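In this text, all values refer to a predicted model and were calculated from it rather than measured experimentally.
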Amino acid sequence: MLFRVFNRNDIVALALLPLLLIGFWTNTLLFDVSPSFPYDHNPMPLWDLVINVLKSNHLLASVISMLIALIMMFSVNRIVNRYNLFSGQTNLPGFIYMLLVSSYLMAQKLHPVWFFTPLLMLGIERLFSASGQRKPMTWCFEASFWLSIGSLFYAKGIYFVILLWMIMFILRLMNIRSFVASVLGLLLPYLFSFTYYFWFDQSASFVDVIFENFVSTIAFFEHTIYSQIYNGIIIFLVFISILAVVRILPAIKIITRKHYRIFIWLIIFSVVAAITPYYSLEVMPIWAIGTSIVTARFLSLIRRRFIQELFITLLMVITIAAQFLI
């Protein structure tokens with residue numbers, strides 16, 4: 001039932017997505033039930049502006065995180081449908097994205113990664129648009145520029161520029177000019193920020209904040225028995241999904257093959273980051289981009305409808321249980 005409803009692009013699926021998201025966000029909207037991520041003690045410049053406005057308004061902060069999650073759900077669907085990653089139009093990747101980011105109540109809270117993730121997604125789309133262009137410097141500049149803006153919310157997002165360079169290499173956009181353009185796009189927001197703080201004689205504090213956020217450790221979450229079981233199920237599902245997608249790569253168009261490789265690398269990059277002491281659960285909105293697309297593609301490859309519905313129902317059930325057990 002769930003697979004059949006969301007594996008198409010119609011008004012029913014589009015209407016159900018925000019309603020289900022509100023349901024999953026209910027605990028976060030009504031109760032401040034989980035500890036905050038430790039970003040507020042030494043915030044990046046743009047995140048500092050956000051918390052100054054929202055630090056005393058839990059409901060508004062939760063609504064904003066939910067709205068960004070909704071935007072990301074539709075963004076994932078849009079990139080899949082725009083670049084024909086599936087055989088037809090679908091809302092299934094957005095539905096799976098919602099399930100993945102809704103599992104941990106802590107990750108639902110408003111934190112700087114929620115502002116960084118749409119900007120990273122925008123940067124990836126700009127590079128997709130640059131594919132086939134003879135002079136891709138502008139798109140490469142824009143991609144790294146948006147990522148750099150996002151890192152002024154979430155400092156460690158700056159390291160995802162490595163992912164952008166990988167995408168440029170995969171899409172054959174990488175050359176001396178495009179690389180220099182991407183570096184300039186990366187540096188420009190920090191140059192503007194430094195100039196602003198220098199004007200108000202606060203450049204030293206700005207440099208200290210940047211340095212501390214770039215190198216500080218962040219891992220602090222202690223897993224429960226259920227969270228370990230949940231992670232095991234998700235890891236297994238993602239693993240078989242990647243294998244299934246890799247298997248079909250030789251049979252699909254070259255450009256689509258490259259797009260899938262990019263999202264697989266996004267999954268790998270996010271997982272590697274998450275197991276280091278410098279990242280934690282905050283990477284879930286980023287990790288869920290590639291995971292939702294690859295997992296949805298795996299489900300669409302299964303020929304038996306019963307198994308498709310079984311997998312998607314299992315995801316739904318363990319996500320609902322996670323609201324109370326993690």
Side-chain angles (χ1 to χ4, degrees), residues 36-57 60-61 64-65 67-68 71-72 75 109-127 130 136-168 177-218 266 269-270 273 276-280 282-283 285-286 289:
S36 298
F37 284 102
Y39 295 112
D40 300 353
H41 308 302
N42 194 31
M44 290 292 286
L46 294 183
W47 180 239
D48 190 30
L49 295 177
V50 173
I51 60 176
N52 284 336
V53 174
L54 300 177
K55 61 183 177 181
S56 60
N57 196 330
L60 181 58
I64 291 175
S65 69
L67 290 177
I68 297 175
I71 291 171
M72 286 304 304
S75 296
K109 296 175 70 71
L110 187 67
H111 52 82
V113 185
W114 278 120
F115 290 91
F116 171 79
T117 305
L119 295 172
L120 172 65
M121 189 71 163
L122 180 58
I124 292 173
E125 287 202 59
R126 294 309 295 157
L127 293 181
M137 291 82 73
T138 300
W139 289 269
C140 295
F141 173 87
E142 290 181 19
S144 60
F145 178 82
W146 289 120
L147 179 138
S148 185
I149 292 290
S151 71
L152 290 174
F153 289 101
Y154 173 58
K156 291 185 176 64
I158 197 74
Y159 299 119
F160 279 84
V161 72
I162 298 173
L163 176 70
L164 294 188
W165 290 335
M166 291 173 61
I167 296 174
M168 290 166 59
R177 292 183 177 181
S178 61
F179 177 75
V180 171
S182 70
V183 172
L184 291 176
L186 194 69
L187 295 177
L188 198 58
Y190 283 86
L191 179 60
F192 288 155
S193 300
F194 180 82
T195 302
Y196 172 84
Y197 281 93
F198 179 80
W199 182 264
F200 290 100
D201 198 25
Q202 297 178 350
S203 57
S205 62
F206 172 72
V207 172
D208 289 341
V209 167
I210 298 299
F211 180 78
E212 184 173 345
N213 277 275
F214 279 177
V215 301
S216 61
T217 57
I218 195 66
L266 176 57
F269 195 93
S270 300
T276 70
Y278 300 98
Y279 293 83
S280 189
E282 81 273 8
V283 300
I286 303 172
I289 296 172

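Between E212 atom CD and I210 atom CD1 the span is 11.0 Å, to the nearest 0.5 Å. One finds the CH2 atom of W114 at 10.0 Å from the CD1 atom of I286 (value rounded to the nearest 0.5 Å). In this structure, CG on N213 lies 12.0 Å from CH2 on W47, to the nearest 0.5 angstrom. Once rounded to the nearest 0.5 Å, the distance linking OG of S151 with CH2 of W146 reads 13.0 Å.
Remark: F269 engages F160 in a ring-ring contact (aromatic ring centres under 6.0 Å, His included) (not counting sequence neighbours).
Separation of the F179 and W165 ring centroids falls under the 6.0 Å cut-off. Between F200 and Y196, the gap from one ring centroid to the other is short of 6.0 Å.
In this structure, L147 and L186 have side chains that are in contact, with non-hydrogen atoms separated by less than 4.5 Å. Side-chain atoms of Y278 and V215, non-hydrogen and from C-beta on, never get closer than 4.5 Å to each other. Considering only heavy atoms from C-beta on, P285 stays 4.5 Å or farther from M72 through its side chain.
A donor-acceptor pair under 3.5 Å links the side-chain atoms of Y279 to the main chain of K156, judged by distance alone.
Within 6.0 Å of CZ on F214 lie more than 12 heavy atoms contributed by other residues, nucleotides or ligands. Enclosure of atom CG in N52 by more than 12 non-hydrogen atoms of other residues, nucleotides or ligands within 6.0 angstrom is indicated.
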